[in-house]
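Since the structure comes first, as structure tokens, the remarks are kept for the end.
Start at 1 with the first residue, then count along the sequence.
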Amino acid sequence: RATQYTCMLLSYLIEHKADKEKLAMKLKQLESSMSSGRKMFRLGNMVHALVAARRTTQLPDVVPRFCLTASNLTRALYFVCDAVLWLKSVGLQPDVDKPKWRNWATKCYYFSLLMNLARDWYEISWRLEQAVQEEKAKEKSFWDKHNQDLNCVKCDGLHGFLLPLFQILKRHPPLLLDLVKNLCDLSGPLDTLGIYKTNPGVIGFCGILSSLVGILTLASPHLKLKQ
């Protein structure tokens, strides 16, 4: 995945240079090959998504339970569409309407990301509310350093929201990484569905960043946001 998006970004950066046209074409071909290979590797992911959906239905908190279950189910549908597109690409199902199935796949992926972001926002809101409660409990010890950090929760306006938000994300790296990954992944569906058009350079950069976050959470499982 990281290789695919790196090729996308590099080909976008050099495609308009006269002496780099051949290299840009090779990068695009490699990107296409990596995309096809990833579709094949994802053939079994539908089962994984369904198992994950079944597991998230057991979560005690209703909001994460709904968001994560909906995300996993729509992600399973995305993998079904992805498998159909793979069958088309290898010639096993030549009559498949590729634009239609690609549109369905993108919509499923888009909705899955929205549900993940909703879960992230719930986690952030819960921790912000927790910070407010801690502030109220420590009003009598105003000079306590931790209390001074949380005192910004009472501030008004945009600054009063952004500063505690920054502090929450700083104290909870798994939540920050999950938020960054989901926001980066959103660039592709937004462009494909025409909601917010960008370019392959932006999509490639966001894809690389998202992939690096994914690699980091695999290498260090404690940085992965727990379900």
If you group Ile, Leu, Val, Met, Phe, Trp and Tyr by side-chain heavy-atom gaps below 4.5 Å, do Met40 and Val90 land in one group? yes
Sequence-distant partners of Asp178, side-chain contact (heavy atoms from CB on, under 4.5 Å), two or more places apart: Asp120, Asn182, Leu225
Under 3.5 Å, side chain of Ser211 to main-chain N/O of Gly207, donor-acceptor pair present? yes
In Å and rounded to the nearest 0.5 Å, what is the OG to CD1 distance from Ser220 to Ile215? 12.0 Å
Heavy-atom side-chain contact between Leu77 and Cys81 under 4.5 Å: no
Any non-hydrogen side-chain atom of Arg119 less than 4.5 Å from a side-chain atom of Val63? no
Tell me the closest heavy-atom pair linking Pro174 and His222, and the distance in Å. CG-O, 3.6 Å
Is the shortest heavy-atom distance from the side chain of Gln4 to the side chain of Arg38 under 4.5 Å? yes
More than 12 heavy atoms of other groups within 6.0 Å of Lys22 NZ: no
Would you please test Leu9 and Ile208 for side-chain contact (heavy atoms from CB on, under 4.5 Å) and show each step? CA-CA 9 Å; Leu9 177 59; Ile208 293 171; 3.7 Å; yes
Separation of Leu13 CG from Ser11 OG (nearest 0.5 Å): 8.0 Å
Got Leu87 and Val96 here, is their nearest side-chain heavy-atom distance under 4.5 Å? no
Partners passing side-chain hydrogen bond (donor to acceptor under 3.5 Å, both in side chains) against Arg54 (at least two apart in sequence or in another chain): none
Could you state whether Val180 and Leu183 fall into the same hydrophobic cluster, counting links through intermediate Ile, Leu, Val, Met, Phe, Trp or Tyr residues with side-chain heavy atoms under 4.5 angstrom apart? yes
Assess the residue pair Asp191 and Asn199 against the criterion (side-chain contact (heavy atoms from CB on, under 4.5 Å)); give the C-alpha distance rounded to whole Å, side-chain angles, the decisive distance to 0.1 Å, and a yes or no. CA-CA 8 Å; Asp191 182 80; Asn199 58 63; over 6 Å; no
To which residues is Phe66 joined in a hydrophobic cluster, defined by side-chain heavy-atom contacts under 4.5 Å among Ile, Leu, Val, Met, Phe, Trp and Tyr, whether direct or through other members? Phe111, Met115
Going by the rule side-chain hydrogen bond (donor to acceptor under 3.5 Å, both in side chains), which residues pair with Ser125 if we only count those two or more places apart in sequence or in a different chain? Trp121
Measure across Glu21 and Glu15 and return the closest heavy-atom pair with its distance rounded to 0.1 Å. CG-O, 4.5 Å
Candidate pair Asn72 and Leu50, rule side-chain contact (heavy atoms from CB on, under 4.5 Å), full reasoning: CA-CA 7 Å; Asn72 286 319; Leu50 291 174; over 6 Å; no
I'd like to know whether Asp185 forms a salt bridge (charged side-chain N to carboxylate O under 4.0 Å, His left out) with Lys181, so could you lay out the CA-CA distance, the side-chain angles of the two residues, the decisive distance to 0.1 Å, and finally the verdict. CA-CA 6 Å; Asp185 286 340; Lys181 188 178 189 305; 3.1 Å; yes
Rounding to 0.5 Å, atoms CZ (Arg1) and CE (Met34) come to a distance of 12.0 Å
Hey, any chance Leu92 and Val84 share a hydrophobic cluster, counting ILVMFWY side chains that come within less than 4.5 Å of each other, even indirectly? no
Do Ser112 and Tyr78 have side-chain heavy atoms sitting under 4.5 Å apart? no
Backbone N/O of Ala2 and side chain of Thr6: donor-acceptor pair under 3.5 Å: yes
Indicate yes or no for a side-chain donor-acceptor contact from Lys88 to the backbone of Pro94 under 3.5 Å, with no hydrogens or angles considered. yes
For residues Leu128 and Ile168, report the shortest heavy-atom separation together with the two atoms involved. CD2-CG1, 3.7 Å
Determine whether Tyr196 and Thr198 satisfy the following criterion, side-chain contact (heavy atoms from CB on, under 4.5 Å), listing intermediate values before the conclusion. CA-CA 6 Å; Tyr196 185 79; Thr198 53; 3.6 Å; yes
For residues Thr57 and Leu68, determine if any side-chain heavy atom of one lies less than 4.5 Å from a side-chain heavy atom of the other. no
Does the side chain of Arg171 reach to within under 4.5 Å of the side chain of Arg127, using non-hydrogen atoms? no
Rest of the hydrophobic cluster containing Val47 (Ile/Leu/Val/Met/Phe/Trp/Tyr, side-chain heavy atoms under 4.5 Å)? Val51
Using 0.5 Å steps for rounding, measure from the CE atom of Met8 to the CG atom of Leu30. 11.5 Å
Side chain to side chain, Leu85 and Lys39, heavy atoms closer than 4.5 Å: yes
Are Leu175 and Trp126 linked, directly or through other ILVMFWY residues, by side chains that come within less than 4.5 angstrom of each other? no
hydrophobic_cluster_shared for Leu209 and Leu179, side chain cutoff 4.5 Å: yes
Looking just at side-chain N and O atoms, do Thr56 and Thr69 make a donor-acceptor pair shorter than 3.5 Å? yes
Between Ser187 and Cys184, is there a donor-acceptor pair closer than 3.5 Å when you use the side chain of the first and the backbone of the second? yes
Let me see the working for Tyr122 and Asp61 under side-chain hydrogen bond (donor to acceptor under 3.5 Å, both in side chains), right down to the final yes or no. CA-CA 11 Å; Tyr122 173 79; Asp61 202 329; 2.6 Å; yes
Kindly compute the distance separating OG (Ser33) from NZ (Lys26), expressed to the nearest 0.5 Å. 13.0 Å
Between the CZ atom in Arg75 and the CG atom in Asp82, the distance rounded to the nearest 0.5 Å is 10.0 Å
List the steps, then state whether side-chain hydrogen bond (donor to acceptor under 3.5 Å, both in side chains) holds for Ser36 with Ser89. CA-CA 7 Å; Ser36 298; Ser89 67; 4.7 Å; no
Search all heavy atoms of Tyr12 against all heavy atoms of Pro200 and return the closest pair with its distance. CD1-CD, 4.0 Å
Going by the side-chain hydrogen bond (donor to acceptor under 3.5 Å, both in side chains) test, which pairs reach into residues 99-110, not counting sequence neighbours? none
